[in-house]
2 protein chains.
Amino acid sequence: MKSPGPKLASRALITQGRVQSRRKVTLKDVAARLGVSHTTVSNAYIRPNQLSAALRERIFSVALELGYTGPDPAAKQLATGRAGAIGFLFSEELPYAFTDPAIVSVLQGVAESCTRRASDLALISTGDNLRDREAPVSLGHAAVDGYILYSMAPDNRCAIMAQQQNVPLIVIDQPRLDNVSFVGIDDCAAAGQAAQNLLDLGHRRFGILSLKTAHDDYSGPLTPQRRANIAHSTIAMRLEGYRSTLQAAGIDPDRVPCWEISVNSEEAGAEGARQLLAAPERPTAILAMSDRVAIGAMQAVRDAKLRIPEDISVFGFDDIPAAETSGLSTIRQPHIQKGIEAARLLLLKEARQNVILDTQVVTRASTGPAPK
Amino acid sequence: MKSPGPKLASRALITQGRVQSRRKVTLKDVAARLGVSHTTVSNAYIRPNQLSAALRERIFSVALELGYTGPDPAAKQLATGRAGAIGFLFSEELPYAFTDPAIVSVLQGVAESCTRRASDLALISTGDNLRDREAPVSLGHAAVDGYILYSMAPDNRCAIMAQQQNVPLIVIDQPRLDNVSFVGIDDCAAAGQAAQNLLDLGHRRFGILSLKTAHDDYSGPLTPQRRANIAHSTIAMRLEGYRSTLQAAGIDPDRVPCWEISVNSEEAGAEGARQLLAAPERPTAILAMSDRVAIGAMQAVRDAKLRIPEDISVFGFDDIPAAETSGLSTIRQPHIQKGIEAARLLLLKEARQNVILDTQVVTRASTGPAPK
DNA sequence: TTGTACGCGTTATCAA
DNA sequence: TTGATAACGCGTACAA
């Protein structure tokens with residue numbers, strides 16, 4: 001590299017017997033080629049009015065010729081402190097974000113706000129990270145200006161670390177944090193409406209399908225002990241909504257069978273429903289904490305040669321797109337809006353605030369009057 | 001900052017009359033606090049066996065106390081040249097990635113490979129970027145180790161720039177690039193199978209619903225001129241597959257009505273179907289280039305009081321989840337596998353290769369014997 | 001096992 | 001309008 005001279009960018013250097021990919025083209029190369037300082041080249045990209053239009057043109061044309069594709073993002077970020085991207089943090093495995101219709105909708109909303117604000121979006125999976133206590137947790141490798149924490153357990157170490165770090169934070173659904181903006185719904189009231197809707201239809205024998213309450217992979221009856229130690233507040237709130245509403249109607253919630261499933265999927269919902277149906281006093285109404293679980297439950301009910309809603313009513317939670325095609329009665333929550341609001345709050349650096357969005361009861365063919 | 005001394009991380013500095021958010025905690029702060037060099041702290045994170053376990057423990061505990069959350073990603077990347085993330089580049093608006101079931105599935109596959117290789121995933125929308133020719137295009141702000149180009153037009157400036165840059169690249173679907181690995185399907189053969197399937201059912205009068213062929217927002221009959229200048233090779237291939245198969249069966253493809261729609265959506269598919277149905281010789285079979293379009297078309301057919309498949313057969317392309325619930329016959333392509341393969345090739349830095357995945361004809365209730 | 005010195009590519013400050 | 005110089009935070013030979 002002693003005499004650079006005119007050099008085409010598409011060349012690879014052969015050095016010391018092995019092919020070495022060419023050195024990255026930098027600001028400096030462009031500057032050297034033109035005989036100007038590298039500051040001037042930088043200005044050409046960032047402050048167009050700090051130099052003559054003619055020079056700017058020449059700079060861009062040389063850049064093109066040399067294969068310079070603009071300031072290196074990492075270097076730029078190191079110098080400015082800004083990343084131009086936000087991180088979406090969640091505790092499931094990465095692919096899950098594209099499997100669960102509810103998250104996909106939230107992400108759609110986040111993406112809308114990102115587009116409007118010219119920000120990129122990085123998806124970061126943290127995992128449960130409760131084991132490996134010794135390994136220092138990192139918030140992914142991603143360089144971002146702030147994080148959206150999506151429905152994470154309060155004891156998730158990444159969530160804790162995110163708070164320690166001095167970056168902007170927004171929480172969706174959970175956990176509730178001091179000094180951190182929150183976007184969510186009133187889970188307790190919404191679940192209560194679901195239960196009330198079935199009560200109004202005359203149902204008295206209920207079964208509940210709960211989502212996971214702890215970090216184990218437990219699947220089985222929700223014991224009182226487990227109920228007292230629910231890690232996710234949304235789950236706790238929904239359960240509380242179901243129970244208090246039933247109790248107000250004179251039903252002892254402790255005698256309502258409740259099956260906890262370890263993963264939010266149709267299969268798990270079907271399994272849970274089979275368990276509830278096998279109870280001595282078969283329920284006439286099933287309250288499920290998610291639509292996916294509810295849809296699985298519907299399938300299990302039909303497989304058991306029972307009719308919906310004549311024999312059994314099923315009520316979901318979420319109103320994902322599949323709920324409509326399945327004819328599932330459910331609680332609609334504004335997933336997209338959640339994402340829009342969260343990203344907006346984050347990107348606009350709004351002051352701390354709680355945004356509680358409205359939910360809505362949606363009745364379809366999966367619920368009907370209690371039998372007999 | 002003359003005498004740092006013991007300083008709590010949760011303090012904010014008040015300087016020159018205004019609140020200034022505290023300086024970021026760095027490796028150096030942790031090192032200074034312990035009286036060791038910053039290299040040692042760095043080693044604690046990167047090379048655990050380069051220092052005593054006891055010291056490592058002390059370092060982590062001081063880090064926790066000071067609120068140090070690990071090496072700054074930007075600085076780390078600048079120093080190592082690695083980002084720990086890959087970029088997924090596509091030309092629609094960012095939210096579209098969560099709207100289109102096909103992309104969502106591809107992303108699920110990408111995410112699976114990312115998880116396995118401990119890489120993050122950044123979504124980057126480039127837009128059509130054909131206007132604004134003067135503004136220097138950038139590949140988003142994201143700092144990534146490589147890009148997956150998803151179904152982009154060959155003349156997309158970001159795609160061109162990505163090639164100039166010296167970063168690893170993988171293309172899904174299009175464009176075919178020299179020296180760049182490719183993951184996709186045989187669109188021509190697959191489309192041909194769709195057409196053949198309908199021919200075998202006795203159909204002779206066809207209508208085609210084409211996806212957009214150019215960068216305008218044109219919606220209308222696909223003129224011969226437009227057909228000769230299709231920007232997206234997948235579209236061109238599918239059309240060629242339809243046409244050549246029909247021609248081989250003695251049908252003049254130039255006389256087969258073909259309606260081009262500008263956006264891949266159910267609504268646009270419905271509108272296109274209405275146009276085809278209004279033709280003097282109403283088709284008995286509609287070939288749609290995507291399931292979303294096909295599902296919209298099915299709705300339009302039913303709205304026109306025509307029966308599926310007795311009066312009209314509809315054949316889709318993609319086999320998205322909704323195709324099954326809609327009973328749509330279609331071409332199944334392995335979306336998830338596409339993503340898995342592309343990310344795997346990228347992360348493993350495999351040598352250039354073409355991966356052509358298998359497709360499959362899936363017949364459901366939307367197709368049947370030709371009427372009469 | 002620990003520390004010194006330098007480089008990574010850019011932006012920002014300030015003087016020319 | 002342009003250019004020299006100093007950060008930005010970290011990784012890593014190399015030396016101690």
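In this text, all values refer to a predicted model and were calculated from it rather than measured experimentally. Proteins get letters first, then strands, A, B, ... in listed order; numbering begins at 1 in each.
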Among I172(A), I124(A), N156(A), the one residue meeting side chain to side chain contact (heavy atoms under 4.5 Å, CB included) with L89(A): I124(A)
Residue-phosphate contact under 4.0 Å: S37(B) side-chain N/O, dG3(C) OP1/OP2: yes
Euclidean distance, atom CG of residue L34(A) to atom P of dT1(D) [Å, nearest integer]: 17 Å
Euclidean distance, atom CG of residue L55(A) to atom C1' of dG3(D) [Å, nearest integer]: 13 Å
d(CG, L51(A); P, dT1(D)) in whole Å: 8 Å
Spacing of D72(A) atom CG relative to dC8(D) atom P, expressed in whole Å: 19 Å
Reference residue T40(B); test side chain to side chain contact (heavy atoms under 4.5 Å, CB included); the match among V30(B), L55(B), L34(B): L55(B)
Y45(A)/Y68(A) aromatic ring centres below 6.0 Å: yes
Y68(B) OH to dG9(D) P, straight-line distance once rounded to whole Å: 10 Å
Contact letters for nucleotides 11-16 of chain D, in which S counts primed atoms plus P, OP1 and OP2 and B counts the base, heavy atoms under 4.0 Å: BB----
Short side-chain to backbone donor-acceptor contact, R56(B) and A44(B), under 3.5 Å: yes
Under 3.5 Å: donor-acceptor pair, side chain of T99(B), backbone of P95(B): yes
Whole-Å gap separating C1' (dT11(C)) and CG (L78(A)): 10 Å
Result of checking V110(B), I148(B), V144(B) against L121(B) for side chain to side chain contact (heavy atoms under 4.5 Å, CB included): V110(B)
Sugar-phosphate only, base, or nothing, as touched by Q50(B) at under 4.0 Å among non-hydrogen atoms: base
Integer-rounded Å distance: dG7(C) C1' and K28(A) NZ: 9 Å
Rounded interatomic separation in angstrom, taking CD from Q77(A) and C1' from dG9(C): 13 Å
